[in-house]
Amino acid sequence: MCGIVGYIGKKRALPFLMNGLKRLEYRGYDSAGVATYEENRCIQVTRSVGKLECLEKRLEGNNLQGTMGIGHTRWATHGVPSNANSHPHRDCNGHFAVVHNGIIENYLELRRELTGSGHAFSSETDTEVLPNLADVYFEGDLLKAAWAVQEKVRGSYAAVFMSDLDPDRLVALRKDNPLIIGIGDDGYYIASDIPAILGYAHHYLVLEDGESADLTRDGITVYRDRVAGEREFQELTMSAKAAEKEGYDHSCSRNP
Ligand code: GLU
């Protein structure tokens, strides 16, 4: 297991990303990282093996102001815990960043194909095929590219994609790994579990297997089989403080 967080909205993304990851520490991890989309119109990735404090140290002085970003705590399945294997992973041209929880079973075959078509890899992970496939299939629309990636991969994933070529948008995919979406007063949230978004979001939705979500600055659309559906968000009544005091039942770790 590992933790995923994402934010798009009016506030700086980094404080939520770090706090959200902290609240997901109970899931276990060996390394961590964040990516934000910055004013200079590029994606900044910071990663570190070890505890979140190590990542915090690496972030010191970076002055990341971006209002969209993703974060990850990794539990290595493919490739040792190292800075290079930590998420977020980018494609070799640096336009797509992805955090992923799970296993891409056919990654070796995909990696061979991608290497053959000129994509270079900088990690040992199965995950790195995801941003590189997004680079192959991208035709101006990140959601469609993520769907095309989904068709190529076998395995399990909760994954979030972002790109500087289609900014102001996060795309989330879920298959056999938990992912929730939250609505706050100042923006939209993604997380592996509810504690991460307590005190930030007032409504949430547990994505079901096979669903994808498109989060823009104007709203959230949830899709099943590429068809937008009406999904009801639940009110999130528990505050972060109450959850700390009473303990939180991590109910979204189960299928709804
Ligand atoms: N399989 C991926 C990796 O080894 C993701 C592991 C995870 O779920 O944290 O990097």
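First listed ligand is number 1; within each ligand, the first listed atom is number 1. Predicted model, so just to flag it, every value in this text is computed and none were measured. Residues: numbered from 1 along the sequence shown.
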Next item on the list: Report the part of T127 (side chain from C-beta onward, or backbone N, CA, C, O) that has a heavy atom under 4.0 Å from ligand 1; answer both or neither where that applies.
Entry: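 Only the side chain of T127 comes within reach of ligand 1.
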Next item on the list: Classify the contact between N101 and ligand 1 as side chain, backbone, both or neither, using a heavy-atom distance cut-off of under 4.0 Å.
Entry: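 Both the backbone and the side chain of N101 come within reach of ligand 1.
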Next item on the list: Run the contact test for G102 against ligand 1 with a 4.0 Å cut-off on heavy atoms, strictly below, and give the result.
Entry: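 G102: in contact with ligand 1 (<4.0 Å).
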Next item on the list: Classify the side-chain pair T36/Q44 by whether it contains a donor and acceptor separated by less than 3.5 Å.
Entry: no
Next item on the list: Examine the side chains of E128 and S122 and answer whether a donor and an acceptor come within less than 3.5 Å of each other.
Entry: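 Indeed, the side chains of E128 and S122 share at least one donor-acceptor pair under 3.5 Å.
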Notebook entry, point to check: Where do F138 and F96 land on the ring-ring contact (aromatic ring centres under 6.0 Å, His included) test, with the steps shown first?
Noted result: CA-CA 10 Å; F138 184 73; F96 300 87; 5.2 Å; yes
Notebook entry, point to check: Aromatic ring centroids of Y223 and W147 under 6.0 Å?
Noted result: yes
Got an N/O contact under 3.5 Å between [X] and ligand 1?
X    : value
T77  : yes
R74  : yes
D126 : yes

Check: So Y189 and Y7, would you call those rings parallel, tilted or perpendicular, with 30° and 60° as cut-offs?
Finding: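 Aromatic pair Y189/Y7 classed tilted.
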Check: Can you list the atoms of ligand 1 that are under 4.0 Å from a heavy atom of H72?
Finding: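 Contacts of ligand 1 toward H72, numbered from 1: 9 (O).
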Next item on the list: Could you tell me which atoms of ligand 1, counted from 1 in the order shown, lie closer than 4.0 angstrom to a heavy atom of H87?
Entry: 2 (C), 3 (C), 5 (C), 10 (O)
Notebook entry, point to check: Between D186 and K11, does at least one N-O distance fall below 4.0 Å, as a salt bridge requires?
Noted result: yes
